[in-house]
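Here the structure comes first, spelled out in C-alpha cells, and everything after it is commentary.
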Amino acid sequence: MLKVYNTLNNKKEKFETVESGKVKMYVCGLTVQNYSHIGHIRSAINYDVIRRYLEYLGYDVDYISNFTDINEKIVKRAEEEDMSPEKLANKYANAFLEDIRAFNIKAADKYLRVSENIDEIIEMVSTLIGKGYAYEMNGDVYFSVESFDDYGKLSGRSIEDMQAGARIAVNEDKKNPLDFALWKKVDEGEGWESPWGEGWPGWHIECSAMSMKRLGPSFDIHGGGVDLIFPHHENEIAQSEAYSGKQFAKYWLHNGTVNLSGEKMSKSLGNFFTSREVLKEFSGQVVRYFLLTRHYRSPIDFSYEKLEEAKTSLDRLINTRRQLAEVLSYDIKSAEVSEDDERFFAKISEVQSDFKDALDDDFNTAGGIGVLHDFAGCINSYINRNDFSLNEKNFSILEEAEEIFLELAEILGLEFSIDKSEIKSSDLAPQLIDLLINLREDARKNKDWDKADLIRDKLMEMGIEVKDTPRGAEWQIIKKEEN
RNA sequence: CCAUCCAUAGUAUAAUGGUAGUGCGAAGGAUUGCAAAUCCUAAGGUGUUGGUUCAAUUCCAACUGGGUGGUCCA
C-alpha cells in the first residue's frame, strides 16, 4: 500500500486518489530565464520517478507542469541577451526540454505557460475580488490573508507568527504586510489589459489558475521544492480554495534541495552547477542514479567526487545486466536443476515485493536501489559460479530475472542498454570485432601475449573494451561521455 | 527569534520496539598469462541526556549540531 508524506499534515498518509484509477498531478516548473541547474533537475527527476511508479501501479496519470514566462527577471535577462522576453523565455524553455531528455526524464503531459493563460488569471482575480478575498489598490490587486481562515495551514504558522518574523518590506498599499499580489501594475505597453489597468499576474496566481484549468478545482498531487512551501504554495492554497470553495491539492509533496558544501544551490547565491556543464563530465544516467540514492525529501550534497562514486556503483548494475544478457545467449545444456538453482529462484520472487515495499514507503528510491544491488549480487554470484550451466529451467528463470531487473530499473528511469545493439546499424562492425577477438584468442592459445595485448589495447583505444571472463572473451563499447 | 525537517561504520545511504542492510573506499583470499569483471571472507556504526517499555537505534522530551523556510527560488 502506497503511503506518501503530505506536507499539509507533516505525516505519511495512505494514498487515495480523488478519482478512482486516476492521478492528477501538478509540479511547479521553473522560470525560464536561464539554463537549468542540478537543483531543478533533482526536482524534475524526483517527480518523474513518482509519475513512473504511479503508472507502474496502474494509475492513469495526468502530469502537468509549467513555465513561468512572465516576470521582471525575464525582462532583465532579455535585455542582457538583447532579445525580446518572449524569445528568451522560449529559448530557455526549449533548453530545459532538451536537458530533461539527457536525464531520461519524461516530458510532462502538458507544460502550461503564463502568457497563454492570462484570461483565466484575470477571471480568477476578478472572482476573488467579488468574493471579498482580494482588493484593488492603485492598479495592483492584493489577496487579503486575513480573509482566509486557513491561511498558514501548509507551512504550519499563524498570521501573527509570520508577522513577528517577517523580513518583508512594508508596502503602504497593503492592508496587511503579508497580503500578496495577484495582479501587478506595469508601465503602458509592457503588460496585459485588465479591469485594473495594464499589468502582470502575480507570481502565485499562475499556478492556481493553470492547474485548476487543466485538473479541476481538486486534484491529487501538487509538488515542488521545499523552498516553495512558503510563500508560494501557501498562497496558492489560499487563493485557490478561496476561489473554488473546495479543497485544492490533496497531497503536497516537497523535494529537498541540492546543496553545495552544505548550502543550497541557487541562482541568487551563485553556487550552482548547470545541467549542461555537469553533462560534460558525467552521463545523465549517472547524475540521475546519484540523485536517487537519497530520499527525495532530504537535502543532498552535490560534488563531482560523489558522482564518480555513483558511477562506479551504477556500473555494477550495468555489468550485471550485461552478463545476464551474455549468459542468456548461450546454448542450453539441459542439465539437472541443483540446490543453487532453487535458492536463486526463491530469491527472485522476493525482489519485486521488496522493491515495491521501498517505493510504497513515500517513494523511497534509495531503498529501491539497495534492493536492486542486492538482486545484482545474487545474479552475479549465481551466474559466475564455477559449475554454472544453462538448463531449460534456469533459462526461463534467468529471462524472468532479466525482465524484472530491467522493469524495476525502468521505474527509476535507469536504462541498462546493451551497447552492442547500438552499433547494429552497421552489422559489419560486430562481425569485425568478433573476428579480431577470435584472432586474439588464437594468439592467447599460443601464449603470444604481445599480440593478444596489442589487439586488446588497440580496441580499447577505439572505445571497445575486451574482458576475458570464465565464459570466454566479451566485449563492449565504452561510451566516451563516461570516461 | 519562530516554523519545519534531519542526525546511522572512513564515506554515502537504507531498515527496524527484540539479530542494523546496501553501495563506494580500505584489508585478505579465489579467479586471470597480465588486466578487467565477478565471487568469497573478515573489519568497521545508531550525536548527548533523560523518559515510556520486559526490551529503545526505532516512540516521547530536552539538548547539541546541521538543512530549509520566514525575501526571488526547484
Side-chain angles (χ1 to χ4, degrees), chain A residues 5 7 10 27-31 33 36-47 65 68 71-73 152 154-158 160-169 178 203 223-232 234 254-259 262-269 272 289-290 292-295 297-301 305-306 308-317 319-320 322-323 357-358 361 364-374 376-377 379-386 444 447-449 452-453 456-457 460 465-471 473-474 476:
Chain A
Y5 186 93
T7 308
N10 291 320
V27 176
C28 282
L30 64 173
T31 300
Q33 53 164 324
S36 67
H37 66 235
I38 296 300
H40 301 127
I41 291 303
R42 182 187 194 191
S43 179
I45 286 175
N46 170 232
Y47 294 105
S65 190
T68 296
N71 71 17
E72 293 86 343
K73 287 184 178 179
L154 182 69
S155 50
R157 311 201 52 198
S158 67
E160 297 76 56
D161 287 345
M162 289 190 230
Q163 282 171 333
R167 290 188 212 162
I168 201 163
L178 293 170
W203 172 38
V226 274
D227 44 7
L228 295 181
I229 294 173
F230 191 90
H232 187 55
E234 190 70 70
H254 292 99
N255 62 280
T257 50
V258 176
N259 292 359
E263 205 174 37
K264 188 176 89 167
M265 187 184 283
S266 77
K267 289 240 160 85
S268 48
L269 290 171
F272 58 88
Y289 176 88
F290 165 70
L292 293 177
T293 55
R294 177 97 165 145
H295 185 92
R297 280 194 295 114
S298 309
I300 188 167
D301 228 49
E305 290 73 30
K306 285 179 181 158
E308 196 60 56
E309 282 182 14
K311 182 185 179 305
T312 311
S313 179
L314 173 63
D315 279 346
R316 182 166 183 267
L317 296 180
N319 277 325
T320 296
R322 282 193 185 119
Q323 289 191 25
D357 285 347
D361 184 11
N364 183 356
T365 55
I369 286 174
V371 173
L372 237 38
H373 270 287
D374 199 32
I379 295 171
N380 288 340
S381 104
Y382 180 66
I383 63 182
N384 284 294
R385 74 188 208 279
N386 290 333
R444 291 181 77 225
K447 296 198 192 300
D448 185 352
W449 310 125
D453 288 349
R456 186 173 65 190
D457 293 346
M460 190 64 183
E465 186 183 25
V466 179
K467 298 182 209 176
D468 296 318
T469 73
R471 301 179 296 273
E474 291 174 3
Q476 65 183 32

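To find a chain, count down the sequence lines: A is the first, B the second, and so on, and within it residues start at 1.
- Nearest to the side-chain atoms of A:K467 among the listed nucleotides B:G69, B:A37, B:A12 stands B:A37.
- In this structure, A:S298 reaches neither bases nor backbone, as no heavy-atom distance under 4.0 Å exists between it and the strands shown.
- Distance A:L228 CG to B:G69 P: 10 Å, rounded to the nearest Å.
- The phosphate of B:U13 has OP1 or OP2 within less than 4.0 Å of a side-chain N or O from A:R294.
- Across the P atoms, B:C24 and B:U19 are found 28 Å apart, a figure rounded to whole Å.
- Positionally, the nearest nucleotide of RNA chain B for A:A366 lies more toward the 5' end than for the other of A:D453 and A:A366.
- Separating the CG atom of A:N380 from the C1' atom of B:C39 is a distance of 8 Å, rounded to the nearest angstrom.
- The separation of B:U71 from B:A62, taken at their C1' atoms, amounts to 32 Å, rounded to a whole angstrom.
- In this structure, A:R316 reaches the B:G23 phosphate: one of its side-chain N or O atoms is under 4.0 Å from OP1 or OP2.
- The separation of B:U31 from B:A36, taken at their C1' atoms, amounts to 12 Å, rounded to a whole angstrom.
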Check: Reading RNA chain B 5' to 3', what string of ( ), [ ], | and . shows its pairs, if Watson-Crick and G-U wobble pairs count only when both distances fall under 3.5 Å?
Finding: (((((((..((((....[..))))..((((.......)))).....(((((..]....))))))))))))....

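- Taking atom C1' in both B:U68 and B:U58, the straight-line distance is 25 Å, to the nearest Å.
- When each of B:C24, B:A37, B:G70 is scored by its nearest atom to the side-chain atoms of A:S313, the top-ranked nucleotide is B:C24.
- Distance NE2 (A:H37) to C1' (B:C72): 12 Å, rounded to an integer number of Å.
- Contact of A:N10 with B:C5 (side chain to base): no donor-acceptor pair of N or O atoms is detected under 3.5 Å.
- At the heavy-atom level, A:Y5 lies under 4.0 Å from the strands shown only through sugar-phosphate atoms.
- Listed for the A:D448 side chain is no donor-acceptor partner under 3.5 Å among the backbone atoms of A:R444.
- Here the side chain of A:S266 pairs a donor or acceptor atom with the backbone of A:L269 at under 3.5 angstrom.
- Residue-nucleotide stacking is not present for A:F230 and B:G70, judged by a side-chain ring centre under 5.5 Å from the six-membered base ring centre and planes under 30° apart.
- With distances taken from any side-chain atom of A:R456 to the nucleotides B:C24, B:G69, B:A35, the minimum falls on B:A35.
- Checking B:C40, B:A14, B:U38 against the side-chain heavy atoms of A:S381 singles out B:C40 as nearest.
- Of the candidates B:A36, B:G25, B:A74, the closest approach to any side-chain atom of A:D227 belongs to B:A74.
- In this structure a side-chain-to-backbone donor-acceptor pair under 3.5 Å is present from A:S65 to A:V27.
- When atom types are taken as modelled, the side chain of A:N384 and the backbone of A:N380 share a donor-acceptor pair closer than 3.5 angstrom.
- When heavy atoms are screened at a 4.0 angstrom cut-off, A:E72 is found touching no nucleic acid atom at all.
- Counting to the nearest Å, the P atom of B:A3 and the CD atom of A:Q163 are 16 Å from each other.
- Regarding contacts with the backbone of B:A74, every side-chain N or O of A:N255 stays at 4.0 angstrom or more from both OP1 and OP2.
- Base engagement by A:S268 is indicated by at least one non-hydrogen atom pair under 4.0 Å involving a base atom.
- At the heavy-atom level, A:N259 lies under 4.0 Å from the strands shown only through sugar-phosphate atoms.
- In the set B:G33, B:A14, B:A74, the nucleotide with an atom closest to the side chain of A:N364 is B:A14.
- Across B:U64 and B:U52, the matching C1' atoms stand 23 Å from one another, rounded to whole Å.
- Remark: A:N319 is in phosphate contact with B:U38, judged by side-chain N or O atoms under 4.0 Å from OP1 or OP2.
- Of the candidates B:A74, B:U22, B:G70, B:G70 carries the atom nearest the A:P231 side chain, counting heavy atoms from C-beta on.
- When heavy atoms are screened at a 4.0 angstrom cut-off, A:D361 is found touching the sugar-phosphate backbone but no base atom.
- Residues passing the side-chain contact (heavy atoms from CB on, under 4.5 Å) test with A:S313 are A:Y289, A:H373, sequence neighbours excluded.
- No side-chain donor-acceptor contact under 3.5 Å links A:E474 to the backbone of A:K467.
- Atom pair A:H295:NE2 and B:A7:C1' shows a separation of 16 Å (rounding to whole Å applied).
- Cation-pi geometry between A:R297 and A:Y5 is met: under 6.0 angstrom from the ring centre, within 45 degrees of the axis.
- The same atom, P, is picked in B:U22 and in B:G69; the two are 36 Å apart, to the nearest Å.
- Checked against B:G25, B:A74, B:G33, the side chain of A:W449 finds its nearest nucleotide in B:G33.
- Of the candidates B:C34, B:A74, B:G69, the closest approach to any side-chain atom of A:R444 belongs to B:C34.
- Comparing the P positions of B:G44 and B:C39 gives a spacing of 23 Å, expressed to the nearest Å.
- Residue-level contact check: A:I229 touches neither bases nor backbone, having no heavy atom under 4.0 Å from any strand.
- In this structure, A:N71 and A:L314 both approach RNA chain B, and ranking their closest nucleotides by distance from the 5' end singles out A:L314.
- For A:R157, the side-chain atoms get nearest to B:C2 when compared with the rest of B:C5, B:C2, B:G33.
- As judged by a 4.0 angstrom heavy-atom cut-off over every strand, A:K264 is placed among the base-contacting residues.
- B:U13 and B:U8 have their P atoms separated by 9 Å, with the value rounded to a whole Å.
- The backbone N or O of A:R294 lies less than 3.5 Å from no partner atom in the side chain of A:S298, so there is not a single donor-acceptor pair.
- Here A:V258 lies in heavy-atom contact (under 4.0 Å) with a base.
- Checking side-chain atoms of A:T312 against main-chain N and O of A:E308 turns up a donor-acceptor pair under 3.5 Å.
- Base contact: A:G39 has a heavy atom under 4.0 Å from a base atom.
- Within the 3.5 Å criterion, the main-chain N or O of A:K73 finds no donor-acceptor partner in the side chain of A:Q33.
- Between the side chain of A:N319 and the backbone N or O of A:D315 there is at least one donor-acceptor pair closer than 3.5 Å.
- Using a 4.0 Å heavy-atom distance criterion, A:E263 is classed as a sugar-phosphate-only contact.
- Residue contacts for A:G223: at a heavy-atom cut-off of 4.0 Å it reaches no nucleic acid atom on any strand shown.
- Considering only side-chain N and O atoms, A:H40 lies under 4.0 angstrom from the phosphate OP1 or OP2 of B:A74.
- The residue A:V466 sits close to a base: some heavy atom pair falls under 4.0 Å.
- At the heavy-atom level, A:K447 lies nowhere under 4.0 Å from the strands shown.
- For A:N364 (side chain) and A:G367 (main-chain N/O), a donor-acceptor pair under 3.5 Å exists by modelled atom type.
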